[in-house]
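Working notes for the structure below.
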There are 2 protein chains.
Amino acid sequence: MATGRNHRPATRSRGIPEATVARLPLYLRALTALSERSVPTVSSEELAAAAGVNSAKLRKDFSYLGSYGTRGVGYDVEYLVYQISRELGLTQDWPVVIVGIGNLGAALANYGGFASRGFRVAALIDADPTMAGKPVAGIPVQHTDELEKIINDNGVSIGVIATPAGAAQQVCDRLVAAGVTSILNFAPTVLSVPDGVDVRKVDLSIELQILAFHEQRKAGEESEAAAGAPAPAAATPAATAQTENAGPDAAAGRKGPDGDMPAVMPA
Amino acid sequence: MATGRNHRPATRSRGIPEATVARLPLYLRALTALSERSVPTVSSEELAAAAGVNSAKLRKDFSYLGSYGTRGVGYDVEYLVYQISRELGLTQDWPVVIVGIGNLGAALANYGGFASRGFRVAALIDADPTMAGKPVAGIPVQHTDELEKIINDNGVSIGVIATPAGAAQQVCDRLVAAGVTSILNFAPTVLSVPDGVDVRKVDLSIELQILAFHEQRKAGEESEAAAGAPAPAAATPAATAQTENAGPDAAAGRKGPDGDMPAVMPA
DNA sequence: ATGTCTTTGTGAACGCGTGCACAAAGATGG
DNA sequence: CCATCTTTGTGCACGCGTTCACAAAGACAT
C-alpha cells in the first residue's frame, strides 16, 4: 500500500546538505559584491549579515566545503568566491534554452544575472510561428519544431519552461527526451519526469498566496488583541513575523550588496 | 555574544506549520482543476498524486485545518476549495502594487493567475517618467512620486518589487513606511525590513545555480561510476535525484491539473 | 617565545517536518 | 441490524536542519 515507490537513500548529494546548497548562491552574491569593492577578507559575522543568515549557519555551511577560513581573521573573499563557484559548477559554461517566449520568457532572456553566473542562453523557443525569427534580447526566436536539434547541437542540459500550463508537460517530455536533465518550471503545473531529472518550480501565484495567509493572520491578530490601532499604517505590535522558510529572507544586512540587475531591467 | 537577538517563539502561525501553508496553494490549484471538471469528491491518494505530494503528508496537512473528509469516501471538492481559500485569506480582495515595470514587471501585470486567486493589481509604478501614463496590461503606469498616495488610497498591504537591485531597498522602505506589510521581492538583494513585515524572495539566478550544482554532480557521478556511456542524452543510471527541498516538485501526478496560464501568456 | 585576543570549526541538543502504520469512522451491501 | 470494506485522521519514530556553546587555531603584540 502506501504511495508505492518511496525510499530515498539520501537527498544529501555529496555530503553537502540540500539546504546548504540552496544558500551557496546567496553567499556567492554577497561575496561577489565584496569582491567588487575590493574587500580582501570577511568574518563569518559580516558575511552572514550581508547574506541575511545566521553566522553559525554560515560557518557550518562552509564547513561542508572544507576549511577555507583563517581563525582570527576570517575568509579570503576571492578564494571563497572561487571555491563556491566551483562547487556550484559555475566555472563551466551552461547553455540554457528558454521555451515559451511570452512576457516572462522575454524577461528571462533579458535577465543579466544569467551570463554573469556562467549561464548562456543558447536559444529561445516558441510554438507561435509568427514569433520565429523575431529577435528577443538579441537572440532570434526559433520554432518548437527545432527543439530537439537545438538541444543536441548545443549540448543543452538545462531547460527553462515559461509556457502556459497546458503545454508544459508536453514541452517537458520533449526536453527530457532530447537529453535535458534539469528543468526550471514557471508554468503552474506539476511536471512528471523520470528519475535522474531535476525539476525546480517557481510559482508567482503561490508566493502571493503565502503572503496573503500571513497578512490575514496579522490582520486577525490585530483586531482580536489590540484595541485602538486606527490606520493600518505603522508597524504592528512586535510580532514574530519574518517568513523564514524555504530561504532566508530579510532581517539583517541592510546595504544592497549587489550591483546586479533584478530579473530584468526596465530598459 | 553570539548573534544578538535570537529567540523565535514559534514560526508556526496559528497551529498551522509553515511547510503546510506553503503547500495549501498547491492543493488549491489541484482542487480547482477538479472542480472545473465537476468532480464531486477526491481521495487523499488521488489528490496527493495530482499535487505531487505524499498522501500521508496531505492528510496530515488537512488535519491542521480540521476534519473535512469523510472516511470511506474522501473529500468534498467544493467544500475543500472553500475551506482552503478561506484559510489562505483568498476569499477577500487583496489589492497589490507592482513597482518596477520592466519586462518582469510587465509579465507580472499580465499574469492571469492573480485575479483568479483574489489578487487585484491596484497599480503599476515605475521610476521612469517616460513610462508614466503608458498602459501595461490595460493599467496605466504611474510615477514613483505617487507611491505613498496610491498605497493609502487603495489600502494596499502587499507590494511586489521588480526593480533593479540598486533601487530595491529604497522602494522597500517607502512601501513599508506607507503601510505595506508584505513584500514579494524579485530583486537580487537581501531586503531589510522591520518586524511585522513579511518578505518572500524569488531569485531566478539562484534557482538555476542550484540546478547547475545537481547537474554537475550528475555529470561527475557518471564519469566516475559508469564506463561506456557515449552521449549525455538518455536518462542517467537511476540516481536519487528529484530536488525535493523547499517545495515538492515533480515525480507524480502526470496530467496537467490546471487550466491556468503560466506567469504570463505569450499573447 | 609567550600571552592575549579574535574568529573559525564542530560536537551536541533541540525542534520541525516527513513518512509509516494502524485504529477509528463511516459507507455500503446483505 | 450486522458484516465488510474503504479511507480518513493521527500517534510514533526517524532524520534533517538549526542553533548553541566552546575548544582549537592562528594572528598579533610585547
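The chains referred to below are lettered A, B, ... by the order of the sequence lines, with proteins before strands, and numbering in each begins at 1. These numbers come from the heavy atoms of this one structure, side chains and all, not from hydrogens, waters or symmetry mates.
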Would you mind reading off the distance between [X] atom [atom1] and [N] atom [atom2], rounded to a whole angstrom?
X        : N       : atom1 : atom2 : answer
Tyr75(A) : dT6(C)  : OH    : C1'   : 13 Å
Asp76(A) : dG26(D) : CG    : P     : 16 Å
Leu80(B) : dG9(D)  : CG    : C1'   : 14 Å
Glu45(A) : dC5(C)  : CD    : C1'   : 16 Å
Leu58(A) : dC20(D) : CG    : P     : 14 Å
Ile16(A) : dC16(D) : CD1   : C1'   : 16 Å
Tyr27(B) : dT8(D)  : OH    : C1'   : 15 Å
Leu47(B) : dT8(D)  : CG    : P     : 10 Å

Establish whether the base of dG19(C) is bridged to the side chain of Lys60(B) by a donor-acceptor pair shorter than 3.5 Å. yes
Close aromatic pair by centroid cut-off 6.0 Å: Tyr82(B) and Tyr79(B): no
Kindly state whether the ring of Tyr68(B) and the ring of Phe62(B) have centres lying under 6.0 angstrom apart. no
Consider the side chain of [X], meaning its heavy atoms from C-beta on, and name the nucleotide among [options] that approaches it most closely.
X        : options                   : answer
Lys57(A) : dT19(D), dT18(C), dG17(D) : dT19(D)
Arg71(A) : dG17(C), dA23(D), dG26(C) : dA23(D)
Ser63(A) : dA21(C), dG9(D), dG9(C)   : dG9(C)
Asn54(A) : dC20(D), dG26(D), dG26(C) : dC20(D)
Pro17(B) : dG17(C), dG17(D), dT8(D)  : dG17(C)
Arg59(A) : dT8(C), dT18(C), dT19(D)  : dT8(C)
Ala19(A) : dG19(C), dT8(C), dT18(D)  : dT18(D)

Taking for each residue the nucleotide of DNA chain C bearing the nearest heavy atom, is the 5' side occupied by Asp61(A) or by Val73(A)? Val73(A)
Could you tell me the separation between the CZ atom of Arg200(B) and the CG atom of Leu208(A), rounded to the nearest 0.5 Å? 10.0 Å
Under 6.0 Å from the CD atom of Gln92(A), do we count more than 12 heavy atoms belonging to anything else shown? yes
Quick check on DNA chain D: between Thr70(A) and Thr70(B), whose nearest nucleotide comes earlier from the 5' end? Thr70(B)
Upstream residue (5' side of DNA chain D) when Thr20(A) and Gly72(A) are each assigned their closest nucleotide: Thr20(A)
Taking any heavy-atom pair under 4.0 Å as a contact, classify Phe62(A): base, sugar-phosphate, or nothing. nothing
In sequence, state the C-alpha distance, the side-chain angles, and the governing distance for Leu184(B) and Ile158(B), and then conclude on side chain to side chain contact (heavy atoms under 4.5 Å, CB included). CA-CA 8 Å; Leu184(B) 181 53; Ile158(B) 300 178; 5.8 Å; no
OP1 or OP2 of dT7(D) versus the side-chain N and O atoms of Ser44(B): is any pair under 4.0 Å? no
Test applied, side chain to side chain contact (heavy atoms under 4.5 Å, CB included); reference residue, Leu204(A); option that passes from Leu104(B), Val160(B), Leu108(B): Leu108(B)
